[in-house]
Structures are given as C-alpha cells and as structure tokens.
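Encoded as structure tokens, the structure appears first; notes follow it.
In what follows, every chain begins at residue 1, and chains take the letters A, B, ... in the order their sequences are listed.
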Amino acid sequence: MEHQSEREVLVDRLLTRGTVDVVVRERLRARLLGDRPLRVKLGVDPTRPDIHLGHYVCFRKLREFQALGHHVVVIIGDWTARIGDPSGRSTQRPMLTAQEVAANAQTYLDQFFKVVDVNRAEIVWQSTWFGKFNLEDVIRLTSKYTVAKLLTREDFAKRYEEGSPISITELLYPLLQAYDSVAIQADVEIGGTDQLFNLLVGRDIMREYGLEPQDVLTVPLLVGTDGYLKMSKSYGNYIGVSEPPEEMFGKIMSVPDHVLGDYLRLLTDLPDEQIAQWLDEMAAGTLNPRDVKERLALIIVSDLHSPQAAERAREYFHRVHRLREVPEELPEVPVPPRARVIDFIVRAGFARSNNEARRLIMQGGVRLDGERLDDPEAVMELFGPAILQVGKRRFARLLPSAQDS
RNA sequence: GGGGGGAUGCCCGAGUGGCCAAAGGGGCCUGGCUGUAAACUAGGUGCGCAAGCUGCGGGGGUUCGAAUCCCUCUCCCCCCA
C-alpha cells in the first residue's frame, strides 16, 4: 500500500470511524480529497430543540468535514414543522407557530455551534423554497417518485403490512426532505442510520431535477444511558449537550459498562488502538470501567463546556459519590428555626409531600448535619445553619430565620 | 354509510358490583453491597398528624356499596362498504 498523505488519513477516518453507510463510497472519497469545498447537508427538525449526545455524534462528523475544508449547510425544517407530522405510533408532532419554530431553531443552533464551526456553515430556512411552492410544484415533485418505492422503507412496509394507518402526509415527507437537497444543491447529506432511506430518496429526486445526486453518509444511533434503547428524550435515557457539567459528568459515570466501546468511538477522538486496549484491559479485569468512564466524561465535558468545568465536575463527583462528602457549594434554603423535619425536607424540595418526606426518613435516607434521623414526626430546633442530606446525593444548607415561619 | 373495540396511577398494563388506594412490569426514590449515580439485592412509590379524603377519560344516574352496571359527552383504534 502506498504511503498516504495526512489528508487521505483524515478522509479515510471520516469514512470509517463512527460511520455506517457511505453511498457512493469511492465517489465521495474522491470528492472529499478534491479541491472544491463540498456542501454537506444536515436537516434539522425544529420541533424538538433538545440536543443530546446522539445528535452530538452527527455534529462531530460534520466537524470532520469542516476540518477538511468543506462547508456545512444546515436546513431548518421550519416549513414542515409548521405543518406537523402525523408520525407513526408515538406522540404526534404538533403543529407549531412560526414563533415557536424560530425559538426552537435558535435553541438548536446555539447548541449546534458549540460543536460545529459557525464560520464554515450556512443556515438555510426550508420555507425559503416551500413557502413559494404552489400545487403545480407539489404535483410535479410527487410525479417523480412511486408509492412502491416509498413502501420499501422499512417502517412503511411494516405498517402497511399490519394495516396500520399511514397518512399521505407521511409519504410526502421523504420527498420534501429530498427536495431540500435539490434546493440547496447538496453534495453530501448526513444523518442517522434511521435516515438512510430518506437520504437515498434525495439522490433519486436530485437526478430527476437534473442535478448530480448527493452522496450519503450515515452515523450510528447512539445507545442511551439505559444501555439498550437508542438515546432519545422520549425514552428519558439521554444526556443533553447543554446540561450542567456536574450533571453531564455524573450521567456519563452511570452509563452501563457495555456501552463504553461505542461511547469512546463515537464521542471522542481517541485512537482506535487506545480504545481497543482499554476494552481489552477492562475485559481482563485489570482496568476498572469506572476509570474509563471518568476519562470519557472528562473528554466530553471538556468539549461541550470547558476543561476547567470538566475538572470541577470531576471533583464534585469524587466528593459526593466516591468519598461521600458534602459538596462545597450547595443550595441554601431559608427555613423557620423550629419545625418538623419533614417540613425542612419539603422546603428544600427533596419531597413533594409530607408523606413522601416521612417515607424518606423511615427508609433511613435523611441526615441532618451528618446524623441519620429515624423519627418522621420529630420537631427540630436549629440554632444555626445546618446541612440537610437526603439520599446519597441531595444536599441543602438550611438557614434558620426568625421571620420565616 | 354500517359494525366492533378501547380510554385505569409518571408510563405500559391487569381488574368486569364489596376482600381495590387498585395485580404485574417499567421508571423513579431509599437502604444494603460495590468498581460508579454500573451490576446485584431489599424495600418504597396519591393526599392528610389522624379520623379520613380524593382517585380508574368528562358529566349525570342505579345501588347500602361502582374502576366495574345504565345514560350521555369527548377522544382514539379496528373491520366491512
């Protein structure tokens, strides 16, 4: 094998590490190595502006394109978001007002540009072209694709087979997304593996409109913190890119051991050999997965916040979760100097009702200044600030004040 | 247009007149253990100090007593045409 240039190494890495499908591989490789900056499309759904590490996988891939001098084009799906999406089984995507869409899009972009270089990116609003579409344009678009082809998409096929409803609107969505590629003359479109079909429709439609078909690249769907389902807000197994450093760090530390390989490969730039070595050592029992998680957490929090924030988060985690110490900073809660313990707990927001507070005490989960409490009906008198602890990791500093009663 | 099924606690889902504050699972919380907020394990999980109150889509009714029966409204789904 010939010696590869540095650029070739980067390109090959882009096409393999954290990448599932590439269509058409050799063509894309050649174009990535070429002089012309490629227009790399990412479609964004402003219905749900909550970005988690699953999206981050995709953003990182875009960053790789940028590092090679290519150009990212973000399409805000504002037009489709306002129509709504009667998607399959789960909750329907609601119709949003223009204001909601704009606000969501802004939130999305704020998070997006934490990762992707804003100077090599362009933001485009889908309504720029669909806002002008008339019925004739729609008919023309729909004439360029067939129902049979649409029904080859896995979820459509399945639902059609079982007799579940598929609205025509839904069938239209892949075409609309495909037309976006026509509108911006995309060279490449990227998305999660679940998007493969839609991305390929883009190729067909572009050809129909007399354009060079885009190449397509998919990234894996990141498994969530439950270690089983794909990461998603609706499954509650996500780590948001905007979460505070401590929370993010803690969530990464609590991820099941068996997802570490994926997380390291998809969320860090660590060399493959390094990752393989760690996995071997963990399997052999010579390396504690906890320590790997800590390194992983440091890397991710550093990237999404800052190295300083990551270090602080690490220290916090150590104190609270490993050494079981009280954190340095904790929320302060004004309380009456004399009250039932359960009132303190509820005041601090650690229980939603008195009964819940009682249960916590009876289960042995409540400490006041380090002393475990056992009487749910106890009345305490505080002569100065006291530290209330509920469970292993919830703390508050109680500040007694006479006027607050 | 016709016929049928369904709506239960944060979620899924049992229950078809009293033993139902409502099985089971998930989630979440707490204890234990530990290698971490992993895994495992035990328990808890409407409100109220209590008597008790609220509660099974909304409203009304039958009954000593209703998640369970009747009427009505709203919404969802399926089949036939």
Can you figure out which of [options] approaches the side chain of [X] most closely?
X	options	result
A:R372	B:rG32, B:rU34, B:rU45	B:rG32
A:R394	B:rG32, B:rC29, B:rC47	B:rC29
A:L360	B:rU30, B:rG32, B:rG46	B:rU30
A:H321	B:rG35, B:rC49, B:rA37	B:rA37

So, does [X] get its side chain near the phosphate of [N], meaning an N or O under 4.0 Å from OP1 or OP2?
X	N	result
A:R358	B:rC49	yes
A:R340	B:rC49	yes
A:N354	B:rC49	yes
A:R393	B:rC29	yes
A:R352	B:rC10	no
A:K392	B:rG31	yes
A:S353	B:rG48	yes

Gap in Å between the two [atom1] atoms, one belonging to [N] and one to [M], rounded:
N	M	atom1	result
B:rC10	B:rC56	C1'	15 Å
B:rA81	B:rC73	C1'	28 Å
B:rC64	B:rU16	P	23 Å
B:rC80	B:rC11	C1'	34 Å
B:rG1	B:rG46	P	46 Å
B:rC76	B:rU8	P	14 Å

In terms of side-chain heavy atoms, does [X] have a donor or acceptor partner in [Y] at a distance below 3.5 Å?
X	Y	result
A:Y108	A:D45	no
A:T80	A:Q126	yes
A:D78	A:S127	yes
A:E281	A:Q277	yes

Where are the stems of RNA chain B, defined as at least 3 consecutive Watson-Crick or wobble G-U pairs with both distances under 3.5 Å?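 Stem list for RNA chain B: B:1-7 with B:74-80, B:10-12 with B:24-26, B:27-32 with B:40-45, B:57-61 with B:69-73.
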
Can you name the residues that form a salt bridge (charged side-chain N to carboxylate O under 4.0 Å, His left out) with A:D343, not counting sequence neighbours? A:R340

Per the atom types in the model, does the base of B:rG31 pair as donor or acceptor with the side chain of A:Q363 at under 3.5 Å? no

So does A:D257 reach the base of B:rG35 with its side chain, donor to acceptor, closer than 3.5 Å? yes

Verify salt bridge (Lys or Arg N to Asp or Glu O under 4.0 Å) between A:D204 and A:K149, making sure each step is shown before the conclusion. CA-CA 11 Å; A:D204 293 337; A:K149 270 182 145 176; 3.5 Å; yes

Centre-to-centre under 6.0 Å for A:F249 and A:Y316, is that the case here?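 Centroid distance A:F249-A:Y316: not below 6.0 Å, so no.
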
Could you tell me whether A:F133 and A:F130 have their ring centroids closer than 6.0 angstrom? yes

Mind running a 4.0 Å heavy-atom check of residues 294-305 of chain A against RNA chain B and sending the residues that fall below it, in number order? none

For the residue pair A:K251 and A:Y238, would you count it as a cation-pi contact if the rule is NZ or CZ under 6.0 angstrom from the ring centre and within 45 degrees of the ring axis? yes

Kindly determine whether A:D215 and A:V22 satisfy side chain to side chain contact (heavy atoms under 4.5 Å, CB included), including the steps that lead there. CA-CA 7 Å; A:D215 289 313; A:V22 183; over 6 Å; no

